[in-house]
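In this text, all values refer to a predicted model and were calculated from it rather than measured experimentally.
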Amino acid sequence: PDLVAHLLQVSMFNFDYNVRKLAAEVLGDLNIWQQDLCLKLIEIHQNSDDLFAIHGALLAMAALSAKVISNQFIEISLQADKIPPKSLGADLLLEGYLKLIAAQATSRAIISGQQLNIWLKTIAIGLKSRSDDLRQNAIDALRSISSISEFSELVDQFYLSCFTGIEKERDINYQKGLIGALSTCPVSFFSKNGSVVLKLLLKTAKTTLPINDIEKRCIAIESICKLSKIYKSELDFSLIKECLVSSLLCDYSIDARGDVGSKIRLASLKLAENVPKRPEIDDLILEQAFSRLDRLRKPAIAAFFPGESMEIEEFALKVIDLPQGPRKGVYRGLIFSCGGLDPDMTEKTGQIIKKFIEKWGSLEFEETAILSLEDDRLCIPSIQTISFIYSFISLQFIEDFCQKLITETIPKTSNIRKLLSAFKLLIQVNSSNGKYCDYLKDQGSNHKFPAVRQLIQTKI
């Protein structure tokens with residue numbers, strides 16, 4: 001009793017969100033509590049003028065709902081639409097009501113169609129929120145409601161409005177909420193509309209413009225991922241595979257924030273775990289698994305060898321012993337890492353490339369390295385990788401690679417970083433065979449960039 005009294009009189013009124021949340025959880029977890037606890041929470045909600053206390057009481061009612069089905073709790077959950085939308089603390093109260101709605105729906109409380117309509121209106125308000133957390137609370141409440149089969153027609157109408165609203169709405173936050181809502185589709189709705197839902201989500205996931213919609217695309221991928229776990233037999237996985245291979249797992253979109261496409265690739269790796277494998281998908285997963293980005297490499301390793309977590313060297317030892325399979329993705333990832341700015345990663349991945357060439361031969365590596373010169377993302381890493389493993393590969397390939405630099409890469413670019421990398425490699429090769437001496441002297445005198453001329457004059 002003393003603990004309950006303290007939670008109700010002190011913790012529930014605390015200005016700290018986490019204290020109120022923990023207090024509510026304790027009240028819900030207690031096996032023994034005062035019989036009038038529900039009445040005290042209702043009294044705090046109705047009579048208190050303290051915003052934090054009302055919020056804490058709503059959280060506690062939600063926590064208790066697993067054990068207590070209360071008509072009074074249901075009545076309170078119907079009051080959310082009375083909150084002035086821009087009033088002080090509106091978001092806090094809406095969160096409390098959404099959690100209470102989710103809990104009451106899960107507890108199988110008996111409600112009417114009219115009451116369900118009010119719950120759905122409250123959820124719609126939450127889906128429009130600018131807060132990611134509030135939209136997620138609304139989605140969680142909708143997931144609980146979707147299991148109420150006796151009102152399936154009413155629920156299906158709501159999902160249909162979510163579906164049609166995604167392309168009609170101009171509010172980006174509301175679009176995100178509606179896309180997330182589709183991840184909770186009940187069987188009654190999905191059995192009729194599953195194919196069009198999947199196509200719309202895939203269309204949203206791969207629409208790269210405008211670039212600031214990256215979060216919306218991630219939510220669409222996450223929704224597909226959730227649906228793919230629930231409706232394994234009903235989904236057309238061929239469409240998902242095609243989308244993964246054509247755009248999602250190879251999205252390298254860049255804006256002022258950097259490699260924003262990495263968010264798409266990360267979300268896609270989780271989706272790829274639910275999709276039947278095929279070589280093209282494995283190839284792209286392996287590219288991320290050998291990438292220099294930790295946040296991508298580790299999930300990619302787990303996607304390729306489900307449930308396993310390992311460092312890049314251990315992963316390489318497992319991959320090297322696999323039977324014939326996709327290898328160009330391996331080399332793209334390794335080239336990207338070996339040609340980066342991290343000396344430790346350059347050393348690790350350079351040694352891995354050498355081991356793979358010893359085991360598999362050099363043909364696929366050489367083809368990948370040559371093709372990488374035509375890829376803006378991989379061109380500089382490819383040049384720097386060749387420089388790092390120069391003594392390990394054949395002279396004929398080195399000459400072919402350098403010839404491509406001279407005839408195609410250097411004449412077509414004004415990227416000073418690319419030019420400096422290319423000329424450093426040519427100088428390195430020339431120091432051992434003298435083959436490019438005349439070309440380098442000419443460029444050292446006549447190249448349009450002073451930095452290139454100075455580099456050549458210093459080294460030759």
Side-chain angles (χ1 to χ4, degrees), residues 249-254 257-269 272 282-305 308-322 326-360 362 364-393 397-398 401 405 415-422 424-425 428:
L249 280 171
C250 48
D251 188 314
Y252 290 91
S253 305
I254 293 175
R257 295 166 289 182
D259 179 12
V260 292
S262 62
K263 292 184 177 180
I264 298 298
R265 301 197 301 278
L266 182 58
S268 302
L269 286 171
D282 284 348
D283 187 60
L284 293 167
I285 292 174
L286 284 167
E287 181 174 352
Q288 304 308 319
F290 287 104
S291 165
R292 69 177 78 144
L293 300 177
D294 283 347
R295 67 179 181 276
L296 286 170
R297 189 169 64 251
K298 293 179 180 179
I301 289 172
F304 196 81
F305 291 122
E308 296 192 39
S309 176
M310 59 191 88
E311 295 301 319
I312 189 170
E313 299 95 333
E314 185 184 353
F315 179 68
L317 291 175
K318 293 193 73 169
V319 171
I320 203 170
D321 290 328
L322 291 176
R327 291 172 180 170
K328 291 186 178 177
V330 170
Y331 286 130
R332 286 195 304 270
L334 287 169
I335 286 170
F336 188 60
S337 299
C338 187
L341 300 176
D342 182 345
D344 183 52
M345 185 58 74
T346 295
E347 180 66 35
K348 283 181 185 177
T349 49
Q351 296 304 321
I352 291 170
I353 290 173
K354 292 175 183 178
K355 288 178 182 177
F356 282 160
I357 290 176
E358 285 176 349
K359 177 81 173 183
W360 295 342
S362 62
E364 282 182 297
F365 170 76
E366 291 172 0
E367 289 176 353
T368 308
I370 288 283
L371 288 172
S372 295
L373 288 176
E374 301 170 9
D375 185 331
D376 279 342
R377 179 180 67 91
L378 290 174
C379 182
I380 295 173
S382 178
I383 296 168
Q384 293 176 341
T385 299
I386 297 302
S387 177
F388 184 78
I389 63 169
Y390 168 70
S391 61
F392 192 77
I393 45 184
F397 170 69
I398 294 286
F401 191 86
L405 287 179
N415 182 327
I416 190 65
R417 290 183 61 244
K418 193 181 293 186
L419 287 169
L420 289 174
S421 296
K424 283 177 183 177
L425 177 60
Q428 180 182 0

Counting distance only, does the side-chain N/O of Glu366 pair as donor-acceptor with the main-chain N or O of Phe397 below 3.5 Å?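 Such a contact is absent between Glu366 side chain and Phe397 backbone.
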Which atoms form the tightest heavy-atom contact between [X] and [Y], and what is the distance?
| X | Y | answer |
| --- | --- | --- |
| Ser382 | Ala369 | OG-O, 3.0 Å |
| Gly339 | Gln384 | O-OE1, 2.5 Å |
| Ser421 | Ile383 | O-CG2, 3.3 Å |
| Gly329 | Asp283 | N-OD1, 2.6 Å |
| Cys250 | Leu284 | CB-CD2, 4.2 Å |
| Ile335 | Leu378 | CG2-O, 4.4 Å |

Non-neighbouring partners of [X] that pass salt bridge (charged side-chain N to carboxylate O under 4.0 Å, His left out), sequence neighbours left out:
| X | value |
| --- | --- |
| Arg292 | none |
| Glu367 | Lys328 |
| Glu308 | Lys318 |
| Lys424 | none |

To the nearest 0.5 Å, what is the distance between [atom1] on [X] and [atom2] on [Y]?
| X | Y | atom1 | atom2 | value |
| --- | --- | --- | --- | --- |
| Cys338 | Glu347 | SG | CD | 8.5 Å |
| Gln288 | Leu269 | CD | CG | 6.0 Å |
| Asp344 | Ser337 | CG | OG | 11.5 Å |
| Ile264 | Ser253 | CD1 | OG | 7.0 Å |
| Thr385 | Phe401 | OG1 | CZ | 8.5 Å |
| Ile352 | Ile312 | CD1 | CD1 | 4.5 Å |

Please evaluate residues Ile393 and Ser362 with respect to the criterion side-chain contact (heavy atoms from CB on, under 4.5 Å), reporting the C-alpha separation (whole Å), side-chain torsions for both, the decisive distance (0.1 Å), and the verdict. CA-CA 8 Å; Ile393 45 184; Ser362 62; 5.5 Å; no
Can you name the residues that form a side-chain contact (heavy atoms from CB on, under 4.5 Å) with [X], not counting sequence neighbours?
| X | value |
| --- | --- |
| Phe315 | Leu286, Ala289, Phe290, Ile301, Phe304, Phe305, Met310, Val319 |
| Leu419 | Ile410, Thr413, Phe423, His447, Phe449, Val452 |
| Ser309 | none |
| Glu311 | Glu313 |

Residues in side chain to side chain donor-acceptor pair (under 3.5 Å) with Asp259, at least two apart?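 Here the qualifying residues are Arg265.
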Among all residues two or more places apart in sequence or in another chain, which pass the ring-ring contact (aromatic ring centres under 6.0 Å, His included) test with Tyr331?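 Counting only residues at least two positions away or on another chain, Tyr331 forms a ring-ring contact (aromatic ring centres under 6.0 Å, His included) with Phe365.
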Quick one: salt bridge (Lys or Arg N to Asp or Glu O under 4.0 Å) pairs with a partner in residues 351-360, sequence neighbours left out?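 Listed by first then second residue: Asp321-Lys359.
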Can you tell me which residue pairs pass the side chain to side chain donor-acceptor pair (under 3.5 Å) test with a partner in residues 369-380, sequence neighbours excluded?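 Checked against side chain to side chain donor-acceptor pair (under 3.5 Å) - neighbours excluded - the pairs reaching residues 369-380 are Glu287-Arg377, Glu374-Lys404, Asp376-Lys418.
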In terms of ring plane angle, is the pair Phe356 and Trp360 parallel, tilted or perpendicular, where the classes change at 30° and 60°?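 The arrangement is parallel - the two ring planes meet at less than 30°.
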